[in-house]
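Worksheet for the structure shown next.
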Amino acid sequence: AQKVTQAQTEISVVEKEDVTLDCVYETRDTTYYLFWYKQPPSGELVFLIRRNSFDEQNEISGRYSWNFQKSTSSFNFTITASQVVDSAVYFCALSGNYGQNFVFGPGTRLSVLP
Amino acid sequence: EADIYQTPRYLVIGTGKKITLECSQTMGHDKMYWYQQDPGMELHLIHYSYGVNSTEKGDLSSESTVSRIRTEHFPLTLESARPSHTSQYLCASSELDTQYFGPGTRLTVL
């Protein structure tokens with residue numbers, strides 16, 4: 001069975017601090033996909049990134065960066081110079097090939113204080 | 001990115017009423033999903049569909065039902081709403097592996 005663990009239930013940081021959200025996954029599939037979603041207070045779930053299991057290159061998008069390490073089954077998400085607008089619940093997710101067995105982690109609530 | 005629409009966005013209704021939550025997508029995605037979520041908490045898959053006339057129950061038992069008569073439309077129905085149904089309902093669609101979500105419906109049953 002597939003499983004995603006986000007050990008950090010809640011994180012609080014002060015604006016401009018860097019913050020890393022941890023995500024550890026379990027799967028027996030050789031082909032799989034990892035995702036991060038953001039859920040701001042308004043409630044919608046916003047897709048941020050998708051990685052496939054064959055691409056371990058780190059990715060950077062503005063203040064966001066993702067570190068995928070198959071050796072530790074982790075897909076961590078770092079926000080650099082955090083801003084109040086980054087306050088949200090962030091979900092890590094995992095799916096098999098063709099989107100099968102899609103599973104979300106429990107989420108990490110990030111509060112960025114001014 | 002998918003365009004997914006959910007109506008209503010907010011609904012307050014009395015116990016025993018029948019309600020239908022609407023979900024439509026314009027991207028022609030075959031796969032669609034319904035999740036139930038208390039705000040900011042874990043998402044629970046309650047229904048999914050891999051195409052027209054295909055519907056399956058998800059991991060969380062739900063008293064709701066769904067239908068998929070058209071590719072773009074995946075409504076969810078509660079025959080008799082109860083206070084325990086108070087929650088947020090999120091609809092999603094996908095073509096391959098990435099799920100894209102609608103804005104959600106916040107349901108309150110009094």
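B:I19 and B:V66 fall within the same hydrophobic cluster, defined by Ile, Leu, Val, Met, Phe, Trp and Tyr side-chain heavy atoms under 4.5 Å apart, directly or through other members. No path of Ile, Leu, Val, Met, Phe, Trp and Tyr side chains, each step under 4.5 Å between heavy atoms, connects A:V13 with A:V89, placing them in separate hydrophobic clusters. Using a 4.5 Å cut-off between side-chain heavy atoms of Ile, Leu, Val, Met, Phe, Trp and Tyr, with links allowed through other members, A:V103 and B:L90 fall into different hydrophobic clusters. At a threshold of 4.5 Å between side-chain heavy atoms, the hydrophobic network of Ile, Leu, Val, Met, Phe, Trp and Tyr places B:L60 and B:L107 in one connected group.
The ring-ring contact (aromatic ring centres under 6.0 Å, His included) check on A:F102 picks up A:F35, A:F104, with sequence neighbours excluded. For B:P83, the side chain to side chain contact (heavy atoms under 4.5 Å, CB included) partners are B:T15, B:V109, not counting sequence neighbours.
By number of non-hydrogen pairs under 4.5 angstrom with chain A, the leading residue of B:G104, B:G40, B:P39, B:G102 is B:G40.
For residues 20-110 of chain B, the set of pairs meeting the disulfide bond (SG atoms under 2.5 Å apart) definition, not counting sequence neighbours, comprises B:C23-B:C91.
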Could you list every donor-acceptor pair linking chain B to chain A (distance under 3.5 Å, backbone and side chains)?
| residue | atom | partner | partner atom | Å |
| --- | --- | --- | --- | --- |
| B:K31 | NZ | A:Y98 | O | 2.1 |
| B:Q37 | OE1 | A:Q39 | NE2 | 2.8 |
| B:Q37 | NE2 | A:Q39 | OE1 | 2.8 |
| B:Q88 | NE2 | A:G43 | O | 3.4 |
| B:D97 | OD1 | A:R50 | NE | 2.5 |
| B:D97 | OD2 | A:R50 | NH2 | 3.1 |
| B:Q99 | N | A:Y37 | OH | 3.3 |
| B:Q99 | O | A:Y37 | OH | 2.5 |
| B:R106 | NH2 | A:P41 | O | 3.3 |

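Using a 4.5 Å cut-off between heavy atoms, B:L96 contacts chain A through both its backbone and its side chain.
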